[in-house]
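See structure below.
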2 protein chains.
Amino acid sequence: MNKEISAEEKILTAARRIFENKGMSGARMQEIADEAKINKSLLHYYYRSKQKLFEAVFKSAFNTLSPQINTILSSDESICEKITGFTFNYTTFMVKHPYLPNFILQELNRNPEFVTELISSKNLPGMKKFRNQIKDAVEEGKIRNIAAEQLFINILSLNIFPFVSTPLLKGFLEVSDKGFKDILEKRKTEVAEFIIQSIKL
Amino acid sequence: MNKEISAEEKILTAARRIFENKGMSGARMQEIADEAKINKSLLHYYYRSKQKLFEAVFKSAFNTLSPQINTILSSDESICEKITGFTFNYTTFMVKHPYLPNFILQELNRNPEFVTELISSKNLPGMKKFRNQIKDAVEEGKIRNIAAEQLFINILSLNIFPFVSTPLLKGFLEVSDKGFKDILEKRKTEVAEFIIQSIKL
DNA sequence: GTCTATAGCCAGATAGAC
DNA sequence: GTCTATCTGGCTATAGAC
């Protein structure tokens with residue numbers, strides 16, 4: 001059954017694991033080959049170079065994360081529904097892929113041009129729609145006056161940061177792995193509450 | 001005048017810049033030497049190895065950041081004062097050192113043992129004091145019922161995340177460098193407001 | 001303390017047999 | 001497509017002159 005998985009797929013899966021842990025410069029082609037249990041030169045056969053393999057991994061990671069972020073901006077739900085839904089879905093997803101946001105932020109900081117390439121090529125409704133939604137909700141007296149940009153940053157911060165700073169938080173909170181997992185589990189609903197409490201009138 | 005600066009200092013300053021940008025594995029000793037305008041072998045003369053030089057930089061960075069975080073836990077101010085003060089001070093400081101949190105989180109994720117080494121060696125009042133403060137404030141009816149851990153994570157998230165995710169946020173917000181700088185400037189007070197709104201009764 | 005030169009290693013990439 | 005062997009360059013680190 002596992003024999004059915006092509007070498008190309010095995011490489012990509014292994015490369016994801018290694019690159020997400022060690023980053024572009026920390027990863028070794030030999031390590032990826034070992035992880036995939038294939039010969040090192042096959043990496044070059046399928047992906048030509050380390051850079052190209054890395055880009056495949058990075059784009060795939062970014063394209064996993066960015067639609068999730070985009071639901072906040074472009075879904076048609078009410079603000080509270082958005083916040084509740086996003087918080088729950090995002091945290092659930094991240095518990096399963098804890099290295100993803102860290103990897104993306106890291107490489108984006110090293111190579112900020114990637115963003116324009118990856119986001120602006122998509123022509124999404126983006127900020128404009130969200131800005132209007134917030135403006136309307138404020139005018140209709142549904143939420144207090146807050147800038148859409150600030151609210152957007154706050155939502156992302158509260159949801160993503162715990163996964164980027166796990167070791168630091170564990171240190172300051174003085175909790176075990178299990179204890180931290182429990183805290184994250186609670187955040188699936190706590191974070192939405194926290195935000196809604198803050199913007200309600 | 002600049003001649004007064006010792007080679008050792010020049011190396012450390014240069015190493016900070018390079019390591020904070022590229023991380024341990026991405027940095028090159030030659031690059032650090034060039035940045036410091038000094039001969040490469042002097043790096044080894046003063047710091048023996050890349051690893052040792054890196055550790056000097058990392059510890060210094062961590063010891064800059066961690067006392068700031070600790071003020072939330074251990075200062076004697078009221079909760080609202082803490083939140084307002086920390087938000088303002090931290091953001092002001094970070095605008096001047098935007099690479100610092102990213103660097104620390106990155107290397108901490110690669111090497112989680114660092115935390116225990118660096119935090120627990122300090123024997124700080126830590127979480128305990130903060131937990132009590134929150135418990136008291138809840139009982140006295142000053143704030144709504146919220147777990148100290150969650151509040152702590154929220155405060156850090158809202159303050160630190162924007163500096164860790166700058167390229168990503170710029171991309172989604174579709175703003176220029178200047179536009180993003182303005183948003184951060186506003187956060188010096190907006191973030192505290194956001195938190196206090198959420199926890200007040 | 002500061003320099004030049006170089007040892008020694010390791011990683012990415014390719015050649016070529018099967 | 002998959003393997004072994006090897007080239008090539010770059011990087012850390014040291015030896016040794018001044």
Side-chain angles (χ1 to χ4, degrees), chain A residues 1-61 99 103 106-107 109-111 113-114, chain B residues 1-61 99 103 106-107 109-111 113-114:
Chain A
M1 359 194 80
N2 271 354
K3 306 255 174 187
E4 309 281 330
I5 300 168
S6 70
E8 202 169 340
E9 268 306 312
K10 283 199 282 185
I11 291 171
L12 208 57
T13 307
R16 258 192 274 266
R17 262 202 289 271
I18 304 295
F19 277 131
E20 285 176 9
N21 269 303
K22 315 215 165 174
M24 168 64 180
S25 57
R28 295 291 159 251
M29 293 296 264
Q30 185 61 61
E31 212 180 348
I32 295 171
D34 293 347
E35 177 81 24
K37 283 169 190 148
I38 55 147
N39 191 285
K40 180 161 77 95
S41 43
L42 283 187
L43 300 185
H44 291 95
Y45 178 78
Y46 284 108
Y47 292 93
R48 272 190 57 85
S49 70
K50 185 184 181 184
Q51 183 62 31
K52 290 248 194 298
L53 177 55
F54 171 77
E55 280 166 21
V57 169
F58 184 80
K59 278 179 190 163
S60 144
Y99 287 109
F103 170 62
Q106 189 51 32
E107 301 299 336
N109 271 299
R110 305 262 146 93
N111 226 332
E113 315 83 73
F114 274 175
Chain B
M1 358 197 82
N2 271 356
K3 306 254 173 185
E4 309 282 331
I5 300 167
S6 71
E8 202 169 340
E9 267 306 313
K10 283 200 282 186
I11 292 170
L12 207 58
T13 307
R16 257 192 274 267
R17 260 201 292 270
I18 303 296
F19 278 131
E20 285 177 10
N21 268 302
K22 314 215 165 172
M24 168 63 179
S25 57
R28 295 291 159 250
M29 293 297 264
Q30 185 60 62
E31 213 179 348
I32 295 172
D34 292 347
E35 177 80 24
K37 282 170 191 149
I38 229 175
N39 191 285
K40 183 161 73 93
S41 45
L42 283 187
L43 301 185
H44 290 95
Y45 178 79
Y46 285 107
Y47 292 92
R48 272 192 57 85
S49 71
K50 185 184 179 182
Q51 183 62 31
K52 290 248 193 299
L53 177 55
F54 171 78
E55 280 166 21
V57 168
F58 183 81
K59 279 179 189 163
S60 144
Y99 287 109
F103 170 63
Q106 189 50 34
E107 301 298 336
N109 270 299
R110 305 263 146 92
N111 225 333
E113 316 83 72
F114 274 175

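Proteins get letters first, then strands, A, B, ... in listed order; numbering begins at 1 in each.
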Main-chain N/O of B:His44 paired to B:Lys52 side chain as donor or acceptor, under 3.5 Å: no
Under 3.5 Å donor-acceptor, A:Glu107 side chain and A:Met24 backbone: yes
Short side-chain N/O contact from A:His44 to OP1 or OP2 of C:dA13, under 4.0 Å: yes
Checking all strands, does [X] fall into the base, sugar-phosphate, or nothing category for heavy-atom contacts under 4.0 angstrom?
X	value
B:Tyr46	sugar-phosphate
B:Ser41	base
A:Ala33	nothing

Aromatic contact, B:Phe19 with B:Phe54 (centres under 6.0 Å): yes
Listed nucleotide nearest any side-chain atom of B:Leu42, set D:dC3, C:dC3, C:dG12: C:dC3
Taking [atom1] from [X] and [atom2] from [N], how many angstroms apart are they, rounded to a whole number?
X	N	atom1	atom2	result
B:Arg48	D:dA15	CZ	P	11 Å
B:Asn39	C:dA5	CG	C1'	11 Å
B:Lys52	D:dT14	NZ	C1'	16 Å
A:Lys22	C:dA11	NZ	C1'	14 Å
A:Ile32	C:dA11	CD1	C1'	12 Å
A:Leu43	C:dA13	CG	P	10 Å
A:Lys40	C:dG12	NZ	P	7 Å
B:Gln30	D:dC11	CD	C1'	10 Å

Minimum heavy-atom distance A:Leu42-A:Ile11, with the two atoms named: O-CD1, 4.0 Å
